[in-house]
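Everything on this sheet refers to the single structure shown next.
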Amino acid sequence: MIINIVLGLIVMLTVLLAVSSIRIVNQVERGVVFRFGRVQREVRQPGFTLLIPVVDRMRKVNVQIVTMPVPTQEGITRDNVSVQVDAVAYFRVEEPLRAAIAVQDYLFAIEQVAQTSLRSIIGKSDLDDLLSNREELNRGLALMIDSPALGWGIHMDRVEIKDVHLPEGMKRSIARQAEAERERRARVITADGEFQASRKLADAAAIMTEAPGALQLRLLQTVVEVAAEKTSTLVMPLPVELLRFFERSATSAPAAGAVSSAEPKAEERPAVTDSATPELTPPEPSFERAAADSPAKNGAARSA
C-alpha cells in the first residue's frame with residue numbers, strides 16, 4: 001500500500017515536471033533560454049518547445065514593431081526661439097539575444113535615447129527647418145537613435161516629429177509675416193497685370209491710330225454691351241471725328257477772313273509808275289473866300 005502511494009506520488013511529480021517543461025512561443029515572439037543562468041545561443045522559434053525543468057528559464061522577446069511616443073521636449077532653436085517638440089518612434093527587435101542580455105530594459109533605453117536626440121536636434125535646427133523641413137530632421141533623428149540601438153539588437157524603422165508648439169508671440173509674428181508676404185505677392189501680381197494691360201492698350205491705340213474707323217467700331221461695341229442691361233442709362237458721347245471736324249472748321253475760318261480783309265487794302269494802294277512826279281501848283285485865290293473873310297477881319301478890328 002505504501003509502495004503504491006509512493007509510486008503514485010512519483011508519477012504525479014513526473015507529470016508535473018513534464019508539464020512544466022512545456023512552453024508555447026507565440027508567432028510574434030522569440031524565446032531566449034537561460035540554462036543555469038547562462039544564455040543559450042539557440043533562439044526558440046514560435047511553436048511548441050521543451051525546457052529542462054528547474055534548469056532552464058525562458059524569456060520571451062516581442063519582435064513586432066513598437067510604436068513609442070516621445071514625450072514633449074522643450075528647447076531653444078539655433079535662432080533663439082523657445083519651442084516644445086514631441087515625436088514618435090517606430091522600431092523592432094532584430095536580434096532577440098542581444099535585446100535580452102545587452103540592455104536591461106530596451107524599451108526604457110530607447111525612450112531615453114529618443115528624448116536626448118530630440119533635444120539635440122532642436123538645438124541644431126532653425127525654426128523654419130522645424131516647421132517646413134521635417135523630412136531631413138526625421139532622417140537625422142532616426143540616425144542618432146539608431147546608432148546606439150544597433151548594439152542592442154534593435155532597428156529603428158522611422159522617427160517622425162509630430163508637432164511643434166510655438167509661443168503665442170511667435171505665432172502672431174509668423175501670422176503677420178505670412179500676411180505681409182501674401183500682400184506683397186498680390187501687389188506684384190496686380191502690377192504685372194496692369195503692366196500687361198497697358199502694353200495691350202498701347203498696341204490697340206497704335207492700331208486705332210492707323211485705322212480711325214476702328215475707334216467707331218469699338219464705340220458701337222461698347223454701346224451694344226451697355227444696352228444689353230435695360231436698367232442702365234446710356235450716355236452717348238460725341239464722335240471724335242466730329243470734334244476734329246469742328247476744330248478744323250474753327251481754325252480755317254480766321255485764316256479765310258484774314259485773306260479777304262487783306263485784298264481790298266492791296267487794291268487801294270496807288271500803283272507805282274516809272275514816270276516823273278508832276279510839280280504841285282498852288283491853288284488860285286478865290287474871290288468869294290476873300291469877300292467872306294473881309295467882314296470878319298473888320299469886326300475884329302473894331303472890337304479891338
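From a predicted model like this one, the values you see are computed outputs, not experimental measurements. Values below: all heavy atoms of this structure, side chains included; hydrogens, waters and symmetry mates excluded. Just so you know, residue 1 is the first one in the sequence shown, and it goes up from there.
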Practice task
State, yes or no, whether a side-chain contact exists between Pro71 and Glu111 at a heavy-atom distance under 4.5 Å.
Solution key: yes
Practice task
For side chain to side chain contact (heavy atoms under 4.5 Å, CB included), just list the numbers for Ile101 and Phe34, CA-CA rounded to whole Å, side-chain angles, deciding distance to a tenth of an Å, and then say yes or no.
Solution key: CA-CA 10 Å; Ile101 64 175; Phe34 293 88; 3.9 Å; yes
Exercise for the section: Please round to the nearest 0.5 Å and tell me the distance separating atom CG of Asp157 and atom CZ of Arg92. Expected result: 5.5 Å
Handout entry: Crowding at CD, Gln104 (>12 non-hydrogen neighbours, <6.0 Å)
Key = no
Problem - Distance in Å, Ile145 CD1 paired with Ser117 OG, rounded so as to fall on 0.5 Å steps - result: 4.5 Å
Practice task
Would you mind reporting whether Arg78 and Lys124 have side-chain heavy atoms less than 4.5 Å apart?
Solution key: no
Handout entry: Exam field: side chain Arg44 to backbone Leu50, donor-acceptor pair closer than 3.5 Å
Key = yes
Problem - Polar side chain donor-acceptor pair, Arg23 to Thr49, under 3.5 angstrom - result: no
Exercise for the section: With the side chain counted from C-beta on, respond yes when Val25 and Met58 share a heavy-atom pair under 4.5 Å apart, and no when they do not. Expected result: yes
Practice task
Identify the heavy atoms of Ile174 and Leu127 that sit nearest to each other, and give their distance.
Solution key: CD1-CD2, 4.3 Å
Problem - Shortest non-hydrogen contact from Ala100 toward Val61 - result: CB-CG2, 4.4 Å
Practice task
Could you go through the side chain to side chain contact (heavy atoms under 4.5 Å, CB included) check for Val81 and Met170 one step at a time?
Solution key: CA-CA 8 Å; Val81 179; Met170 182 57 62; 3.9 Å; yes
Exercise for the section: Report the C-alpha separation of Asp86 and Gln73 in whole Å, then their side-chain angles, then the decisive distance to 0.1 Å, and conclude whether the side chain to side chain contact (heavy atoms under 4.5 Å, CB included) test is met. Expected result: CA-CA 6 Å; Asp86 53 0; Gln73 302 297 312; over 6 Å; no
Problem - Side-chain touch Thr77/Val83, heavy atoms, less than 4.5 angstrom - result: yes
Handout entry: Check ion pair Arg185-Glu183 (N to O, under 4.0 angstrom)
Key = no
Practice task
Evaluate the side-chain proximity of Gln115 to Val70: yes if any heavy-atom separation is below 4.5 Å, no if none is.
Solution key: yes
Exercise for the section: Find the distance between CZ (Arg134) and CD1 (Ile121) and round it off to the nearest 0.5 Å. Expected result: 13.5 Å
Atom pairs and distances, side-chain donor-acceptor, residues 198-206, under 3.5 Å, sequence neighbours left out:
from   : atom 1 : to     : atom 2 : distance (Å)
Ser198 : OG     : Glu194 : O      : 3.2
Ser198 : OG     : Phe195 : O      : 2.6

Practice task
Report whether Ile161 and Leu143 are members of the same hydrophobic cluster (ILVMFWY, side-chain heavy atoms less than 4.5 Å apart, transitive linking).
Solution key: no
Practice task
Verify whether one side chain among Asn133 and Glu136 offers a donor that lies under 3.5 Å from an acceptor in the other.
Solution key: yes
Completion exercise
Heavy-atom closest pair (Ala102 atom, Gly151 atom, distance to 0.1 Å) is CB-O, 3.9 Å
Fill in the blank from the handout: Correct closest heavy-atom pair for Asn62 and Tyr106 would be O-OH, 3.9 Å
Problem - hydrophobic_cluster_shared for Ile65 and Met156, side chain cutoff 4.5 Å - result: no
Problem - Any side-chain heavy-atom pair of Val63 and Pro96 under 4.5 Å - result: yes
Problem - Shared hydrophobic cluster for Val66 and Leu150 (ILVMFWY, side-chain gaps under 4.5 Å) - result: no
Handout entry: Asp56 side chain to Ile52 backbone, donor-acceptor under 3.5 Å
Key = yes
Practice task
Keeping the roles fixed (side chain from Asp192, backbone from Val188), state whether a donor-acceptor pair exists under 3.5 Å.
Solution key: no
Practice task
Take Glu160 and Lys162, measure what salt bridge (Lys or Arg N to Asp or Glu O under 4.0 Å) needs, and give me the verdict at the end.
Solution key: CA-CA 6 Å; Glu160 293 184 355; Lys162 288 172 51 179; over 6 Å; no
Completion exercise
Rounding to 0.5 Å, atoms CD (Glu74) and NE2 (His165) come to a distance of 11.0 Å
Exercise for the section: Measure the spacing between CD1 of Ile24 and CD of Glu29 and express it to the nearest 0.5 Å. Expected result: 11.5 Å
Practice task
Would you check if Thr72 and Val85 make a side-chain contact, meaning some heavy-atom pair closer than 4.5 Å?
Solution key: no
Handout entry: Side chain Arg30, main chain Gln27, donor-acceptor under 3.5 Å
Key = yes
Handout entry: CE-CG distance between Met12 and Leu9, expressed to the nearest 0.5 angstrom
Key = 6.5 Å
Exercise for the section: Identify whether Val39 and Val103 are in the same connected component of the hydrophobic contact network (ILVMFWY, side-chain heavy atoms under 4.5 Å). Expected result: yes
Practice task
Measure from the side-chain N and O atoms of Ser173 to the backbone N and O of Gly169, and report whether any donor-acceptor pair falls under 3.5 Å.
Solution key: yes
Practice task
May I ask you to decide if Asp128's main-chain N or O and Asp126's side chain share a donor-acceptor pair within less than 3.5 Å?
Solution key: no
Handout entry: same_hphob_cluster(Val32, Leu107) at 4.5 Å side-chain heavy-atom cutoff
Key = yes
Exercise for the section: List the steps, then state whether side chain to side chain contact (heavy atoms under 4.5 Å, CB included) holds for Val113 with Trp152. Expected result: CA-CA 12 Å; Val113 171; Trp152 305 334; 3.9 Å; yes
Practice task
Dump the intermediate steps for salt bridge (Lys or Arg N to Asp or Glu O under 4.0 Å) on Glu181 and Arg184, then the final yes or no.
Solution key: CA-CA 5 Å; Glu181 179 66 21; Arg184 182 188 68 83; 2.5 Å; yes
Handout entry: Residues, nucleotides or ligands: over 12 heavy atoms within 6.0 Å of Phe48 CZ
Key = yes
